Amino acid sequence: MDMFVIQRQNKHSCTGDALRRSPRKRIKLLEDGRMMEEEDEEDAASAEFSHPVPWHKIEAEGLDCDYALLFPKQEADQLLKQLEEEIVYSTGEEATVQLFGKLYNIPRKQATYGDAGVTYTYSGVKRSACPWTPTLNFIRDAVTETTGQTFNFVLVNRYKDGQDHMGEHRDDEKELDPLCPIASVSLGAARDFVFRHRDTRGKQSLRQIEPVKLELAHGSLLLMNPPTNTLWYHGLPVRKKVLLPRINLTFRRIVLDSKK
DNA sequence: ATCATGGCAAAATG
DNA sequence: ACATTTTGCCATGA
């Protein structure tokens, strides 16, 4: 049985000054189903002294991640429910991949949202992102407030159960800002998540570096800091015992292509 | 022994 | 020029 070890953040070296306290806000659900944010009274007064997010630092050779619970369960439940109503996933050709001459359905559902004018390339086709939905916008703001990073794009992956998965890969598209961390928000069923160093893959790997495995919880935020994303692959393996859906949001910064 | 899981190979595309 | 993508098959282990 594999161990899923996460080191406790050293409180004296709070990762960074980039990382901030948890947004002390609550989601208020209006009668008509809309949401609004509500500041915690105590926040303004004791901002400097409020509890920092209990970040966990995850480190290995060339790997640098920060993990924290961003949303408490009740909020996370609410956000998941809203996303299940809002998100429109790709269908048809956009939901398939061709390899070895055959067409396969991608073993998950995908959608992309972002700022107006942001385009991304997926399997050779340039597309523009859908405009932010209220819930995505809310979550993006929460991530920005907590990390100090801004994002103009999000890839939504929905795994209907433990059969849905994603093979090991890197998010190293050229259009991504290589200096910007990728922020991964998880909602729904907890899933195992595996990092593997690029030099340990394949037949006779030149190096022996242990994979880094963790479980991504409901309401969690995983920050993948450079150069993690170039040196390490990550994947979401099949877990047949998982029966409930998970939605993952990976917030990125896409470099606006200079207009021609 | 059954089942879940991990590792690997299959080639067309950009 | 070279990395990528998923399924399926097989070995391993609980």
Side-chain angles (χ1 to χ4, degrees), chain A residues 1-6 58 60-63 89-112 118-129 153-179 182 184 186 188-217 222 224 226-250 252 254-255 257-258 260:
Chain A
M1 157 65 103
D2 278 316
M3 303 284 290
F4 292 85
V5 179
I6 298 176
I58 302 165
E61 181 181 321
L63 182 148
Y89 295 93
S90 299
T91 58
E93 184 187 316
E94 292 186 24
T96 66
V97 64
Q98 182 177 13
L99 74 166
F100 297 95
K102 289 175 211 150
L103 273 184
Y104 296 99
N105 292 323
I106 293 173
R108 63 191 166 275
K109 286 187 172 180
Q110 297 186 321
T112 54
V118 170
T119 64
Y120 67 102
T121 304
Y122 188 72
S123 58
V125 188
K126 190 173 195 170
R127 303 184 183 125
S128 45
F153 181 85
V154 65
L155 172 64
V156 183
N157 279 293
R158 183 181 188 275
Y159 305 87
K160 67 177 187 302
D161 57 30
Q163 306 274 5
D164 272 0
H165 63 280
M166 175 137 59
E168 291 181 0
H169 68 286
R170 297 176 290 181
D171 297 314
D172 62 347
E173 296 112 51
K174 283 183 294 195
E175 44 207 341
L176 284 183
D177 183 337
L179 298 181
I182 292 177
S184 170
S186 296
R191 290 290 295 266
D192 289 344
F193 188 75
V194 181
F195 285 103
R196 193 178 305 276
H197 195 284
R198 67 178 182 188
D199 293 345
T200 68
R201 307 168 79 251
K203 194 75 183 236
Q204 28 150 42
S205 41
L206 300 173
R207 317 193 46 198
Q208 209 223 0
I209 303 177
E210 281 303 299
V212 174
K213 308 181 177 188
L214 46 140
E215 186 184 48
L216 299 179
L222 177 70
M224 293 178 273
T228 304
N229 210 48
T230 46
L231 296 180
W232 292 71
Y233 286 67
H234 59 266
L236 194 85
V238 169
R239 287 295 179 262
K240 299 198 172 184
K241 290 181 286 267
V242 174
L243 304 177
L244 297 175
R246 166 178 182 261
I247 291 180
N248 180 65
L249 313 172
T250 49
R252 302 131 185 269
I254 290 192
V255 45
D257 53 2
S258 32
K260 288 139 290 192

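Side chains are part of it too, since the values below use all heavy atoms of this structure and drop only hydrogens, waters and symmetry mates. Each chain gets a letter, A, B and so on, in the order the sequences are listed, and its residues count up from 1. It should be emphasised that the depicted structure is a prediction, and the values quoted were computed from it without experimental measurement.
Rounded to whole angstrom, the span from the CG atom of A:L103 across to the P atom of C:dT7 amounts to 12 Å. What separates CZ of A:R201 from P of B:dA9 is a distance of 12 Å, to the nearest Å. Rounded to whole Å, the distance from CG on A:N229 to P on C:dT4 is 11 Å. Rounded to an integer number of Å, the gap from A:Q98 CD to C:dT4 C1' is 14 Å. One can place CG of A:L99 at 5 Å from C1' of C:dT5, the figure rounded to the nearest angstrom. Put simply, CG on A:D171 is 9 Å from P on C:dT5, counting in whole angstrom units. One interatomic measurement links the two molecules: CD of A:E175 to P of B:dG14, which rounds to 16 Å at whole-angstrom precision. Rounded to whole Å, atom P of B:dT13 lies 14 Å from atom OH of A:Y104.
Taking a 6.0 Å sphere around CD of A:E93, one finds it holds 12 or fewer heavy atoms contributed by other residues, nucleotides or ligands.
Here B:dA4 is the nucleotide among B:dG6, C:dT7, B:dA4 with the atom lying nearest to any side-chain atom of A:K241. In the set C:dT4, B:dG7, C:dT7, C:dT7 carries the atom at the smallest distance from any side-chain atom of A:P107. When distances run from any side-chain atom of A:R239 to the nucleotides B:dG6, C:dT6, B:dA4, the shortest one goes to B:dG6. Listed nucleotides: C:dT6, B:dG6, B:dA11. Nearest to the side chain of A:V97: C:dT6. Residue A:P237 has its side chain nearest to B:dG6 when only B:dA11, B:dG7, B:dG6 are considered. Nearest nucleotide to the side chain of A:R108, out of C:dT6, C:dT5, B:dG6: C:dT6.
Side-chain atoms of A:R246 and A:S186 include a donor-acceptor pair closer than 3.5 Å.
With respect to the salt-bridge test (charged N to carboxylate O, under 4.0 angstrom), the residues A:K126 and A:E175 do not qualify.
For the pair A:R170 and C:dA3, the criterion of a side-chain N or O lying under 4.0 Å from OP1 or OP2 is not met. Under 4.0 angstrom from either OP1 or OP2 of C:dT6 there lies no side-chain N or O belonging to A:H165. The side chain of A:R196 places an N or O atom within less than 4.0 Å of a non-bridging phosphate oxygen (OP1 or OP2) of B:dG7. Using a 4.0 Å cut-off, no side-chain N or O of A:Y233 falls inside it from OP1 or OP2 of C:dA3.
Side-chain contact between A:Y233 and A:R198: present, with at least one pair of heavy atoms (C-beta onward) separated by less than 4.5 Å.
Across all strands, A:F100 comes closer than 4.0 Å to base atoms (heavy-atom distances).
Between A:Y120 and A:F153, the ring planes lie tilted relative to each other; the angle falls in the 30° to 60° range.
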